[in-house]
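Just below is one structure, and these are the notes that go with it.
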Amino acid sequence: MFLIDRVLLVAALLVIVGVAASKVSARWGVPVLVLFVAIGMLAGSEGLGGIGFEDYRLAHGAGTIALAVILFDGGLRTPYRSIRHAVAPALSLATVGVLLTAAIVGVAASWMLGVPLLNGLLLGSIVASTDAAAVFSVLRSTGLRLPERVGATLELESGSNDPMAVFLTVSLLDVLRGELEPGLGLLVLFAQHMAIGGVVGVGVGLATAWATNRIRLGAEGLYPVFVAAAGLLAYGLAATLHGSGFLAVYLAGMMVASRGVVFQRGILVFTDGAAWLAQVCMFVLLGLLSFPSRLLHVAGPGLLITAVLVFFARPLAVAVALAPLRFGPREIAFVSWAGLKGAVPIVLGLFPLLLGLPGSGPLFDVVFFVVLVSALLQGWTLAPLARRLGLEEPGAPTPAVSLEITSLQQVNGDIVQYTLPEGSRLAGRTVRELALPDGAVVAMIARENRVVPPRGSTRIRPGDHLFVVLTAAVRPLVDRIFAGQLDCSPPLSPDVEFPLRGDTTVADLDEFYGVAVEADPGDTLEELLRERLGARLEEGRGITLGAVKLKVRRIVDGRVEQVGLVLAAKQGADES
């Protein structure tokens, strides 16, 4: 058998086993990082597979590409509206937090390992950043839903703190090799690193969104490939210009998502699969690099350094970074515990090996040990801790099928399938009684083995599959209507205007959306607006009832056809 045939066979088997292991992660709550690394260790030279692999340069290159793919996918899935609330805390954690963590761990490592302070600080810098791949995989596999500010801060931090860790690591390596003198020049170099990465990421992301919405490719499958290639372009361009490639690729994904592109759902499905494949390949490959016998030799100091990192350095750094930004004790405690380590420290740990730095072998083993313990300890307990602290929020109901309307490129709509379970509160109601928002319509009902054309008088039954055509703006409202229990569905975001029909009643708001309005339950939204506004009834006018704002959005033939609903953050006056 040719060498390439054997490599493909082994690689395919490892990927298949790794993908199958993700089911174990979802069922038992074990972080996928640990499972994939364990598979690599079992296949390695000291495991059952006996595969000898010590190509650090190949591992570094593969890890870098994989991290770029994972960060781009993470950027595409970061809600742009949540960035406003998370920019300040995330940047504080990504700079002050990483620097303080590296300093504390570095001093402790120097004393525990008996190495010079610069070598200890090098180890501290390598393990200081929160790993995006580890955070994203744990949040996805556990289905953990956090308060918007906390979740956005964690995701944005993990995607933006790598540049600081990379900068500190590379700078300390240059100092140890006598190629750089510590001083003000380091700060200038860091500012340049971040600025170039930021400008390139935003620029490439905006250009990609613009181009994707205007080019007409011959096949729909080319759009995900084009967008993913643009993400890698952001990394390569920033790195070539001596900027932060990791920051650039993450920001590029965020910019593409913020602008909205055609075939967006297909792009997300493609990048999700690519990110999973990248995780499998990267962690299995890193597992092949490890030697369990060497990890046992560093277990003692490794446990001590992990304890300092997890129980002292990270909590102190998070408290200093977040306390001035009005984060509560529970939020600070959770963010501290969510500082998972993953592929980034291992990839950074390869730098000293590639440069031939004295003592780089034991340093890499310690880094590997710290990452494994951190991922296993913190990743396994992250979801239970969120529940214990009261920070877990109910998840949105997951539709069985969600299809993008792609026959017309510029149509921003989906076809979503909702299945009514036994005991559903909607069973027995007619389609007309569902009080769907403006911009959503039941297009088809699949019942047993037949199709039921929906009419207003059609009654829905348990087990029915309702296919709803809707716009992205009303998706949260429709999700709440079809939620199994309304009090277990995620709350509607404040200060976002949702379009409703004018004939929706006050009772409908309470029953289907969980929105209480201080008015007669039988009144329609149109009647409320007419009563309160009187002669001033015109498009753009509105009223405030408690914490609910109603605005006239569209009037046709003298009737208010569409009303905007906004949940105010604070109680308002009776009328505006």
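Only heavy atoms go into these numbers, but all of them, side chains included; no hydrogens, no water, no symmetry mates.
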Which distance, rounded to the nearest 0.5 Å, do you find between the [atom1] of [X] and the [atom2] of [Y]?
{"X": "Asp503", "Y": "Glu527", "atom1": "CG", "atom2": "CD", "answer": "10.0 Å"}
{"X": "Thr153", "Y": "Leu91", "atom1": "OG1", "atom2": "CG", "answer": "10.0 Å"}
{"X": "Leu565", "Y": "Lys549", "atom1": "CG", "atom2": "NZ", "answer": "11.5 Å"}
{"X": "Trp337", "Y": "Leu377", "atom1": "CH2", "atom2": "CG", "answer": "4.0 Å"}
{"X": "Thr212", "Y": "Arg259", "atom1": "OG1", "atom2": "CZ", "answer": "13.0 Å"}
{"X": "Asp73", "Y": "Ile70", "atom1": "CG", "atom2": "CD1", "answer": "8.5 Å"}

Close side-chain approach of [X] and [Y], heavy atoms under 4.5 Å:
{"X": "Val506", "Y": "Asp520", "answer": "no"}
{"X": "Val416", "Y": "Phe482", "answer": "no"}
{"X": "Leu420", "Y": "Leu466", "answer": "yes"}
{"X": "Asp479", "Y": "Tyr418", "answer": "yes"}
{"X": "Leu477", "Y": "Tyr513", "answer": "yes"}
{"X": "Glu538", "Y": "Val552", "answer": "no"}
{"X": "Pro437", "Y": "Phe498", "answer": "no"}
{"X": "Arg149", "Y": "Leu325", "answer": "yes"}

>> Run Phe512 and Leu426 through side-chain contact (heavy atoms from CB on, under 4.5 Å) and show every step you take.
In response: CA-CA 9 Å; Phe512 292 104; Leu426 303 181; 3.6 Å; yes

Nearest atoms (heavy-atom pairs only) where [X] meets [Y]:
{"X": "Val474", "Y": "Ala440", "answer": "CG2-CB, 4.2 Å"}
{"X": "Phe72", "Y": "Ala228", "answer": "CE2-CA, 3.9 Å"}
{"X": "Tyr250", "Y": "Gly74", "answer": "CE1-C, 3.9 Å"}
{"X": "Gly339", "Y": "Thr130", "answer": "CA-OG1, 3.6 Å"}
{"X": "Ile215", "Y": "Tyr223", "answer": "O-OH, 3.1 Å"}
{"X": "Ala257", "Y": "Gly75", "answer": "CB-O, 4.2 Å"}

Ignoring hydrogens and angles, tell me if any N or O in the side chain of [X] forms a donor-acceptor pair with the backbone of [Y] under 3.5 Å.
{"X": "Gln378", "Y": "Ala375", "answer": "no"}
{"X": "Lys551", "Y": "Ile543", "answer": "no"}
{"X": "Asp508", "Y": "Thr505", "answer": "yes"}
{"X": "Arg314", "Y": "Val335", "answer": "yes"}
{"X": "Thr504", "Y": "Arg501", "answer": "yes"}
{"X": "Ser92", "Y": "Pro89", "answer": "no"}
{"X": "Arg425", "Y": "Glu511", "answer": "yes"}
{"X": "Arg214", "Y": "Trp210", "answer": "yes"}

> For Thr419 and Gln417, does a side-chain donor sit closer than 3.5 Å to a side-chain acceptor?
Replying inline: yes

Please table the atom pairs, donor to acceptor, closer than 3.5 Å between any side-chain atom in residues 557-564 and protein atoms at least two apart or in another chain.
| unit_1 | atom_1 | unit_2 | atom_2 | d |
| --- | --- | --- | --- | --- |
| Arg559 | NH2 | Glu526 | OE1 | 3.4 |
| Gln562 | OE1 | Arg553 | NE | 3.0 |
| Gln562 | NE2 | Asp438 | OD2 | 2.4 |

Exercise answer: donor-acceptor pairs, residues 447-454 side-chain atoms, under 3.5 Å, sequence neighbours excluded:
| unit_1 | atom_1 | unit_2 | atom_2 | d |
| --- | --- | --- | --- | --- |
| Arg447 | NE | Asp464 | OD1 | 2.9 |
| Arg447 | NE | Asp464 | OD2 | 3.3 |
| Arg447 | NH2 | Arg459 | O | 2.8 |
| Arg447 | NH2 | Asp464 | OD2 | 2.8 |

>> One pair to check against side-chain contact (heavy atoms from CB on, under 4.5 Å): Leu232 and Val69. What are the steps and the verdict?
In response: CA-CA 7 Å; Leu232 295 178; Val69 172; 4.2 Å; yes

> Can Val200 and Tyr235 be said to form a side-chain contact (heavy atoms from CB on, under 4.5 Å), step by step?
Replying inline: CA-CA 8 Å; Val200 170; Tyr235 176 90; over 6 Å; no

>> Here's a test for you: under side-chain contact (heavy atoms from CB on, under 4.5 Å), which of Leu545, Leu525, Asp510, Asp523 qualifies with Val517?
In response: Leu545

>> For Leu93 and Val98: C-alpha separation, side-chain torsions, deciding distance, then whether side-chain contact (heavy atoms from CB on, under 4.5 Å) applies.
In response: CA-CA 6 Å; Leu93 287 169; Val98 171; over 6 Å; no

